[in-house]
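Written out below as structure tokens is the structure these notes cover.
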Amino acid sequence: MKDNKIQIAILGLGTVGTGVYKVLKKQQPEMLPKLGVEVEVSRVLVRNLERAASRVDDPSILTNKWEDIISDDTIDIIVEVMGGMEPARTYILDALHAGKNVVTANKDLIAADGHALMDAAKDANKDFLFEAAVAGGIPIIQPLKQALQGNYIEEIVGIVNGTTNFILTKMTEEGMEFKEALQLATDLGYAEADPTSDVEGLDAGRKMAILASIGFHSRVTFKDVYTEGITKITARDIRYAKEVGCRIKLLGRARNTEEGIEVGVYPMLIDSRHPLASVNDSFNAVFVKGDAVGDTMFYGRGAGELPTASAVVGDIFDVIKNMHFGCTGRIGCTCYKQIPMKNRENIVSKYFMRIKVEDRPGVLAAVTSVFGNNGVSIEQFIQKRKNDDLAEIVVITEEVKEKNFDDSVKILKTMSMIKQISAIIRVY
Ligand SMILES: NC(=O)C1=CN([C@@H]2O[C@H](COP(=O)(O)OP(=O)(O)OC[C@H]3O[C@@H](n4cnc5c(N)ncnc54)[C@H](OP(=O)(O)O)[C@@H]3O)[C@@H](O)[C@H]2O)C=CC1
Ligand SMILES: N[C@@H](CC=O)C(=O)O
Ligand code: NA
């Protein structure tokens with residue numbers, strides 16, 4: 001505190017940092033009546049002072065030295081929005097040890113090491129909040145920890161990456177090329193510093209690890225999550241999905257089953273009538289199924305400057321209220337169980353598959369018998385087109401164990417009549 005004002009330092013002034021600065025400035029007239037105290041951004045850590053100068057009213061608050069912030073006893077709250085593992089992790093731990101509260105949007109760090117950071121916050125009796133780390137502006141972490149705590153959560157499924165949802169929307173609605181859509185998402189500030197984490201499903205995987213940990217009260221880290229991205233999805237897959245009444249979405253799915261927890265991120269066909277199918281652009285949505293509440297859905301902007309800042313500033317205000325009532329550290333780690341992860345071979349999914357086969361009698365029967373012999377039941381078998389003595393067939397299975405499906409695919413790949421397996425996509 002300085003001059004009776006809460007002092008905030010922001011680490012990083014990129015998309016989110018700039019948004020936080022703007023939202024705090026716009027909220028200035030509300031601070032005193034809302035929080036009972038005035039709030040000031042007194043320091044901003046950047047790498048390049050010159051580049052950041054035009055983004056703040058008073059460039060003298062900028063510094064490129066962490067020392068200037070960590071040694072300043074007047075700073076109450078550190079807002080980490082630089083991203084990445086280091087030095088973010090060290091700075092957060094230093095800040096907590098120095099008795100400062102921390103708010104972050106850093107899912108990479110939390111999905112890998114959240115437990116250690118929450119323990120450090122508990123030991124220091126300080127707040128460590130991260131609502132922006134999952135699904136940007138959508139309130140989902142707080143609702144899971146608070147309003148839904150009277151439930152056993154059975155399943156969490158959602159679209160939790162804005163960049164890939166934006167890309168898939170542009171490819172589906174406007175026939176845009178993948179690369180062009182990714183560039184647009186990057187220009188709009190949705191993508192990560194390295195967009196590979198978006199398009200390969202890693203960012204969504206990190207968010208699902210965080211949601212599963214909170215929802216199921218058992219620690220799930222990113223390495224427990226199976227991830228597939230959207231780079232192999234083609235315009236033809238999207239068109240065929242439409243023909244069977246579906247859309248393709250990158251879905252994160254976490255289930256707490258009797259055989260353990262399963263968490264995965266996959267592009268999936270989803271029935272066009274399902275509410276998640278009409279979540280477009282950078283919007284995210286998270287479905288949470290609780291034993292008492294039933295189905296709930298949280299919807300909003302999952303990425304971008306102001307939506308993400310909305311979540312960060314919400315956390316900052318919570319910290320300030322906690323400070324005011326002397327109850328800092330009220331919400332910490334909620335993982336009090338140790339549930340094993342489910343063996344992947346026992347995970348059950350439904351599949352869509354495109355195969356190019358020789359166009360001659362007996363081929364379809366041979367394909368069907370491979371599936372049959374491996375315990376895979378077929379829901380739909382569609383012959384698409386013929387050319388150059390090849391036929392394309394689309395297979396949609398019933399729900400089957402992944403191992404049974406994988407075994408069938410291994411055998412199909414060895415058969416000379418199968419010329420190409422063009423796509424394998426799960427169906428929600
Ligand atoms: N963008 C979004 O929509 C969302 C992002 N997030 C998360 O928020 C965080 C920030 O993301 P975003 O704002 O998009 O990222 P940006 O790349 O736009 O901004 C990061 C900022 O941090 C600065 N920075 C990085 N490392 C250091 C360092 N060592 N010292 C000082 N400054 C540093 C960068 O400086 P410089 O420019 O000089 O490199 C840059 O200004 C990430 O954890 C991200 O995953 C969460 C939800 C949504
Ligand atoms: N890159 C992320 C940003 C928010 O977490 C996304 O696209 O969702
Ligand atoms: Na959020």
Side-chain angles (χ1 to χ4, degrees), residues 9-21 43-53 55-56 62-69 79-92 103-111 129-145 158-168 182 185-207 210-211 214 230 250 252 265 281-286 298-315:
I10 303 176
L11 317 185
L13 200 61
T15 304
V16 182
T18 306
V20 170
Y21 183 82
R43 278 302 203 185
V44 178
L45 182 74
V46 293
R47 275 196 285 226
N48 185 321
L49 295 168
E50 223 172 285
R51 193 167 51 209
R55 298 183 197 158
V56 288
L62 298 173
T63 176
N64 51 15
K65 294 187 192 71
W66 171 234
E67 236 344 271
D68 289 345
I69 292 173
V79 178
E80 186 280 306
V81 282
M82 304 183 299
M85 299 299 281
E86 285 294 348
R89 184 179 189 279
T90 303
Y91 289 179
I92 289 175
V103 172
T104 181
N106 194 327
K107 56 255 168 169
D108 302 40
L109 198 48
I110 297 160
L129 302 184
F130 47 89
E131 180 59 69
V134 179
I138 305 176
I140 182 65
I141 290 177
Q142 286 242 21
L144 271 178
K145 284 194 172 188
I159 295 170
V160 291
N161 182 270
T163 303
T164 44
N165 203 41
F166 181 85
I167 294 171
L168 288 172
L182 172 58
T186 306
D187 295 345
L188 288 164
Y190 304 152
E192 294 301 299
D194 175 2
T196 313
S197 22
D198 295 294
V199 297
E200 294 296 356
L202 315 181
D203 177 78
R206 292 180 176 117
K207 292 165 176 168
I210 297 170
L211 289 182
I214 298 171
I230 61 162
L250 186 72
V265 171
D281 296 314
S282 69
F283 281 92
N284 284 191
V286 184
F298 299 81
Y299 171 81
R301 290 261 181 216
E305 186 186 70
L306 296 179
T308 309
S310 159
V312 174
V313 172
D315 278 350

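In listed order, ligands and their atoms are each counted from 1. For this chain, numbers begin at 1 and follow the sequence in order. Atoms considered below: every heavy atom in the structure, side chains included; atoms not considered: hydrogens, waters and symmetry mates.
- Annotation for ligand 1: atoms under 4.0 Å from non-hydrogen atoms of Gly189 are 1 (N), 2 (C), 3 (O).
- Scanning the protein for heavy atoms near atom 28 (C) of ligand 1, the closest one is Met82 SD, 3.6 Å.
- Taking the six-membered ring for Trp and thresholds of 30 and 60 degrees, Tyr190 and Phe166 have ring planes more than 60 degrees apart, a perpendicular arrangement.
- The nearest N, O or S atom of Ala135 is not closer to the Na ion (ligand 3) than 3.0 Å.
- Of the possible donor and acceptor atoms, none in the side chain of Glu131 sits under 3.5 Å from a partner among the backbone N and O of Val312.
- To the nearest 0.5 Å, atoms CG (Leu109) and CD (Glu86) are separated by 8.0 Å.
- Below 3.5 Å of separation, one finds no N or O of Gly302 facing any N or O of ligand 1.
- Electrostatic pairing of Lys107 and Glu192 counts as a salt bridge here, judged by a charged N lying under 4.0 Å from a carboxylate O.
- Residue contact annotation: Gly302 has a non-hydrogen atom under 4.0 Å from ligand 2.
- The protein atom (non-hydrogen) at minimum distance from atom 8 (O) of ligand 2 is Gly162 N, 2.7 Å.
- With respect to atom 7 (O) of ligand 2, the closest heavy atom belonging to the protein is Thr163 OG1, 2.6 Å.
- Because the distance cut-off is set at 3.0 Å, Ile140 fails to qualify as a neighbour of the Na ion (ligand 3), as none of its N, O or S atoms comes that close.
- For Asp198 (side chain) and Thr164 (main-chain N/O), no donor-acceptor pair under 3.5 Å exists by modelled atom type.
- Considering backbone and side-chain atoms alike, Asn284 places every N or O at 3.5 Å or more from each N or O of ligand 2.
- Polar contact check, Gly14 against ligand 1: a nitrogen or oxygen pair lies under 3.5 Å apart.
- The contact set between ligand 2 and Tyr190, taken as ligand atoms under 4.0 Å from a residue heavy atom, comprises 1 (N), 2 (C), 3 (C), 6 (C), 7 (O).
- Heavy-atom contacts of Pro87 reach the following atoms of ligand 1: 29 (N) (cutoff under 4.0 Å).
- The ligand atoms of ligand 1 that sit less than 4.0 angstrom from a heavy atom of Ala132 are 46 (C), 47 (C).
- For atom 38 (O) of ligand 1, the closest non-hydrogen atom of the protein is Arg51 NH2, 2.5 Å.
- With a 4.0 Å cut-off on non-hydrogen atoms, Asp203 does not touch ligand 1 at all.
- At least one N or O atom of Thr15 sits closer than 3.5 Å to an N or O atom of ligand 1.
- Taking every heavy atom of Gly12 and a limit of under 4.0 angstrom, the matching atoms of ligand 1 come to 21 (C), 22 (O), 23 (C).
- One finds the CZ atom of Phe298 at 11.5 Å from the CD1 atom of Ile141 (value rounded to the nearest 0.5 Å).
- Remark: minimum distance from atom 5 (C) of ligand 1 to any protein heavy atom is reached at Val16 CG2, 3.5 Å.
- Remark: ligand 1 atoms within the under-4.0 Å shell around heavy atoms of Leu13 are 21 (C), 41 (O).
- Residue Asp198 touches ligand 2 through its side chain alone, judged by heavy-atom distances below 4.0 Å.
- With a cut-off of 3.0 Å, the Na ion (ligand 3) has an N, O or S atom of Val134 in range.
- Residue Arg47 has at least one nitrogen or oxygen atom sitting less than 3.5 Å from a nitrogen or oxygen atom of ligand 1, judged on distance alone.
- If you look at Glu305 next to ligand 1, there are no close heavy atoms at all, none under 4.0 Å.
- For ligand 2, the atoms lying closer than 4.0 Å to a non-hydrogen atom of Asn161 are 2 (C), 6 (C), 7 (O), 8 (O).
- Contacts of Thr308 with ligand 1, taken as heavy-atom pairs under 4.0 Å, involve the side chain alone.
- An N or O contact shorter than 3.5 Å links Gly304 to ligand 1 by distance.
- Less than 4.0 angstrom separates some heavy atom of Glu192 from each of these atoms of ligand 2: 1 (N), 2 (C), 3 (C).
- For atom 5 (O) of ligand 2, the closest heavy atom belonging to the protein is Lys107 NZ, 2.5 Å.
- From the protein, the heavy atom lying nearest to atom 45 (O) of ligand 1 is Glu192 OE1, 2.7 Å.
- Put simply, the side chain of Phe130 reaches to within 4.5 Å of the side chain of Ile210, judged on heavy atoms.
- Vertex the Na ion (ligand 3), arms ending at O of Ile138 and OE2 of Glu131: the angle is 80° after rounding to 10 degrees.
- At a heavy-atom cutoff of 4.0 Å, ligand 2 is contacted by no atom of Thr164, backbone or side chain.
- The structure places CD1 of Ile92 at 6.0 Å from CG of Asn106, a figure rounded to the nearest 0.5 Å.
- Rounding to the nearest 0.5 Å gives a distance of 10.0 Å between CD of Glu80 and CG of Leu45.
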